[in-house]
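This report refers to the structure that appears directly beneath it.
By convention here, the first residue in the shown sequence is residue 1.
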Amino acid sequence: LDVSFRLGAGASHTVTIPEPWRGRVGRIGVISAFSFGPIAQDKPVCDVAAKRGGDPVDQWIMRSGVTTARTDIDYYPPAQQDHKKVEIVESIEADYSDKAGSPFKRHTYLGWLDVDPGATPIDAIAFVSANGYFFDVFDVVLVPRREP
């Protein structure tokens with residue numbers, strides 16, 4: 001959808017679904033990462049809701065180490081990481097050194113949200129921060145549902 005935004009503590013952002021897609025969405029891919037704080041494995045990072053006419057019709061929780069992860073997770077040695085990485089979309093060299101003083105890469109991740117077929121059509125996706133850290137969404141991808 002070519003969108004990007006940052007959520008801080010208690011912040012929200014709504015993304016409008018293009019009209020031709022509203023009845024076809026089967027999966028939502030969220031390219032994201034969080035920063036400036038630890039969130040333990042499987043803990044909430046962001047609440048997401050598919051909406052129709054302003055009302056939620058499907059909901060998910062993006063979780064640390066499940067559907068998103070810390071962008072600079074490699075700053076810490078593996079034994080000190082508090083959650084797992086998920087599917088990496090892109091890695092770039094960090095502009096600072098890791099805890100040991102070595103270069104490392106920051107990552108963005110892909111998390112999948114499966115849309116209940118009974119929830120469509122949807123006209124928006126609402127994101128609400130679930131903690132006090134920064135949550136960055138770098139893009140949202142729509143995948144059509146499979147026709148029976």
Do Asp72 and Tyr96 have a side chain donor and acceptor closer than 3.5 Å?
-> yes
Assess whether side chain to side chain contact (heavy atoms under 4.5 Å, CB included) is satisfied between Asp123 and Thr16, documenting all intermediate values.
-> CA-CA 6 Å; Asp123 55 30; Thr16 301; 5.9 Å; no
Hey, any chance Val57 and Val15 share a hydrophobic cluster, counting ILVMFWY side chains that come within less than 4.5 Å of each other, even indirectly?
-> yes
Val128 reachable from Val45 in the ILVMFWY side-chain graph, under 4.5 Å edges = no
For the pair Gln59 (side chain) and Ala50 (backbone), establish whether a donor and an acceptor sit closer than 3.5 Å, ignoring hydrogens and angles.
-> no
Heavy-atom side-chain proximity of Gln41 to Asp82 below 4.5 angstrom = no
Side-chain contact test, heavy atoms from C-beta onward, threshold under 4.5 Å: evaluate it for Val140 versus Ile125 and give yes or no.
-> yes
Could you tell me whether the side chain of Lys51 reaches within less than 4.5 Å of the side chain of Asp58, counting heavy atoms only?
-> no
Under 3.5 Å donor-acceptor, Asp139 side chain and Asp2 backbone = yes
Closest non-hydrogen contact found for Ser12 with Leu7 is C-CD2, 3.7 Å
What do the steps show when you test Val30 against Thr68 for side chain to side chain contact (heavy atoms under 4.5 Å, CB included), and what is the final call?
-> CA-CA 9 Å; Val30 181; Thr68 191; over 6 Å; no
Answer yes if Ile73 and Tyr75 sit in the same cluster of Ile, Leu, Val, Met, Phe, Trp and Tyr residues linked by side chain heavy atoms under 4.5 Å apart, and no otherwise.
-> no
Separation between CG (Leu1) and CD1 (Ile17), nearest 0.5 Å, reads 5.5 Å
Should Leu142 and Ile28 count as side-chain neighbours, where that means a heavy-atom distance under 4.5 Å?
-> yes
Between CD1 on residue Ile122 and CZ on residue Arg52, distance to nearest 0.5 Å = 9.0 Å
Do Cys46 and Val48 touch side chain to side chain, with heavy atoms closer than 4.5 Å?
-> yes
Is the distance between the ring centroids of Phe5 and Phe127 under 6.0 Å?
-> yes
Checking Arg106, His107, Lys105 against Ser91 for side chain to side chain donor-acceptor pair (under 3.5 Å), the one that qualifies is His107
Residue pair Lys85 / Ile88: nearest heavy atoms and the distance that separates them | CD-CD1, 4.1 Å
Any idea which heavy atoms bring Pro56 and Ala49 closest together, and the distance?
-> CB-CB, 4.2 Å
All side-chain contact (heavy atoms from CB on, under 4.5 Å) counterparts of Glu19, not counting sequence neighbours | Arg22
Ser64 and Ala40: which non-hydrogen atoms are nearest, and at how many Å?
-> CB-O, 3.3 Å
Do Met62 and Asp47 have side-chain heavy atoms sitting under 4.5 Å apart?
-> no
Given Phe34 and His83, is the ring pair (Phe, Tyr, Trp, His ring centres under 6.0 Å) satisfied, shown in steps?
-> CA-CA 12 Å; Phe34 64 87; His83 65 276; 5.2 Å; yes
Give the cluster check for Trp21 versus Val137: same hydrophobic cluster or not, with ILVMFWY residues linked at side-chain heavy-atom distances below 4.5 Å.
-> yes
Pairs under 3.5 angstrom only: tabulate donor-acceptor contacts from the side chains of residues 109-120 to other protein residues two or more places apart or in another chain.
| unit_1 | atom_1 | unit_2 | atom_2 | d |
| --- | --- | --- | --- | --- |
| Tyr109 | OH | Arg70 | O | 2.8 |
| Asp114 | OD1 | Arg27 | NE | 2.7 |
| Asp116 | OD1 | Gly118 | N | 2.9 |
| Thr120 | OG1 | Pro117 | O | 3.0 |
| Thr120 | OG1 | Arg145 | NH1 | 3.3 |

Heavy-atom side-chain proximity of Thr67 to Ser32 below 4.5 angstrom = no
So if you build clusters from Ile, Leu, Val, Met, Phe, Trp, Tyr with side-chain heavy-atom gaps below 4.5 Å, do Val143 and Phe138 land together?
-> yes
Any side-chain heavy atom of Phe135 sitting closer than 4.5 Å to one from Ser35?
-> no
Please check if any side-chain donor atom of Ser97 sits under 3.5 Å from a side-chain acceptor atom of Ser102, or the reverse.
-> no
Minimum-distance pair of heavy atoms, taken over all atoms of Ile61 and Pro44 | CG2-CB, 3.7 Å
